[in-house]
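Taking it in order: structure first as structure tokens, then the write-up.
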Amino acid sequence: MRLFDTLTKAKVDLPDPPARIGMYTCGPTVYQRIHIGNARPYVISQWLKCWLELRGYDVKLVENITDINDRIYEAAPNHSAELAADATGWYLEDTEALGLGRPDAEPKATETIPEIITLIEELIEDGYAYEAEGDVYFRIERFPDYGRLSGQRPDQVEEQEPNPLKQDPRDFSLWKANKEGEDTWWDSPWGRGRPGWHIECSAMAEKFLGPSFDIHLGGLDLVFPHHENERAQSQAAGREFARIWMHNGLLRLDRKKMSKSVGNIAPLKDVLVRWGRETVLLFFMTAHWSKPIDFSDETMAAARARVDGFREIFRAPSQAGGDWDSFAAALEDDFNTPEALAVMHGWRDHELLRRAFGVFGLAALAEEQDAPPEVVELAERRRQARATRDFDEADRLREQIEAAGWEARDVADGFQLVPK
RNA sequence: GGCGCCGUGGCCGAGUGGUUAGGCAGAGGCCUGCAAAGCCUCGUACACCAGUUCGAAUCUGGUCGGCGCCUCCA
């Protein structure tokens, strides 16, 4: 099993199974309902975990929830904690509807404050961080490897707004002193405040996975600064941290990244209602995890056509034939789901397909729902009409069946009812 | 200004030195009372320009275009 790693820009081999694999995925900042693009890392993580387990690995997947952040303060002045709690519930509800299960742990930043403080103290002690008026900053020049993950050269990083508390404008905050209007805080050795954005992930990953783990996953837009800073903090503190960095490509709407600032948002909840979970999952499968993916009516309709195609296969008898090994090989080589999907399209073997569906949460594609008795009754009357060659009556009955949401098909031994 | 990704047939999308990707859509046919489903047949594509090579969509250089990041972002 190998995966493309952002740090080395190469496909890196995982140890052979059975091995323990630690995975950490950067989850959402909870202040509003997530959009379909936010769901991509969650989906990829769950799929990858499932595949690795099928291959005999012992996987532990941790996905954090960032529930303390500037965005949350801004979105809910004076009741940031309530918003964070509500939005956490929305997130769990919306992703639950994808039917892929939960990570092994979903820690919240606000439940990891002691570990965060301990880690910051360690960094200060070793000279990697310094306190300034209740803030704590990471000292970039003490970490020579800074910039390696993202390819950024520290001397070229764009200057931000000057902050007189920083010794170097590129230093980033580990702890932020409480400010006016920020209604959630904790006491710390540096006074009342709250953690910076990056340190929480270093602390949570270590708390649940230990000082080193195999795979760190997150959106491509997190490479810099977020993951660069996580890595700097953890490695400065003597931890190996992540061995493989997987960055998923971004979802685009109208050729642009789907993001709140552009305003081109399709909430996951709404997309699921409109298209159904199988279509959404198959849509994600059509693109390699590392590549951008375009969200549009056309691409979703194409995904739905695949859904219909797979369902159709289960209305016909299973036909032996097909090769699990090619499917497995596609996933083993950088978890290439479009390739795996192409292999699946060649299969007519129900058991083989069911196995593959299991990896991607698509088991429902193999289940045909039964028509209600009144529709079966109409179909039976239609069968009799056809037997007496009363085709006008047969066509009238077909229209009634369609009005009830079903399609009547004539097959060798009678009829078949298919949901429309 | 710096860093990075990408450009494949009508659409989506693998491949990455010489052999069919696959799906969707489309055309014709078989089957059917008519359909649906299924099956058969039909597309020789890799942004552009040079170069390397016996041979390049695949390697190298350049050009053009799209996208992302540069301390809020999945």
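Protein chains get the first letters and strands the later ones, always in sequence-line order, with residue 1 at the start of each.
Checking rG22(B), rC24(B), rA74(B) against the side-chain heavy atoms of Ala305(A) singles out rC24(B) as nearest. Of the candidate nucleotides rA35(B), rA21(B), rC69(B), rC69(B) has the atom lying nearest to any side-chain atom of Lys257(A). Of the candidate nucleotides rC39(B), rU71(B), rA37(B), rC39(B) has the atom lying nearest to any side-chain atom of Arg348(A). Considering only the side chain of Arg398(A), rC34(B) comes nearest among rC34(B), rG22(B), rG68(B). With rA74(B), rG33(B), rA14(B) as the candidates, the nucleotide lying closest to the side chain of Asp410(A) is rG33(B). Picking from rG22(B), rG33(B), rA74(B) the nucleotide with the shortest atom distance to the side chain of Arg386(A) gives rG33(B). Residue Phe224(A) has its side chain nearest to rU71(B) when only rG38(B), rA14(B), rU71(B) are considered.
No contact: Asp70(A) has no heavy atom under 4.0 Å from any strand. Residue contacts for Leu251(A): at a heavy-atom cut-off of 4.0 Å it reaches a base atom on one of the strands shown.
Checked by distance alone, Arg382(A) brings a side-chain donor or acceptor within 3.5 Å of a matching partner on the base of rG33(B). Between the side chain of Asp294(A) and the base of rC12(B) there is no donor-acceptor pair of N/O atoms closer than 3.5 Å.
Distances shown here put a side-chain N or O of Asn336(A) below 4.0 Å from the OP1 or OP2 atom of rG15(B). Within the structure, a side-chain polar atom (N or O) of Thr29(A) is placed less than 4.0 Å from OP1 or OP2 of rA74(B). For Lys291(A) and rC5(B), the shortest distance from a side-chain N or O to OP1 or OP2 is not below 4.0 Å.
Ring geometry for Phe335(A) versus Phe360(A): interplanar angle of 30 to 60°, hence tilted. Between Phe241(A) and Phe213(A), the ring-plane angle classifies as perpendicular under the 30° and 60° cut-offs. Classification of the Tyr146(A)-Phe224(A) ring pair by plane angle, with boundaries at 30° and 60°, yields perpendicular.
Without hydrogens or angle criteria, Thr110(A) side chain to Asp67(A) main chain gives no donor-acceptor distance under 3.5 Å.
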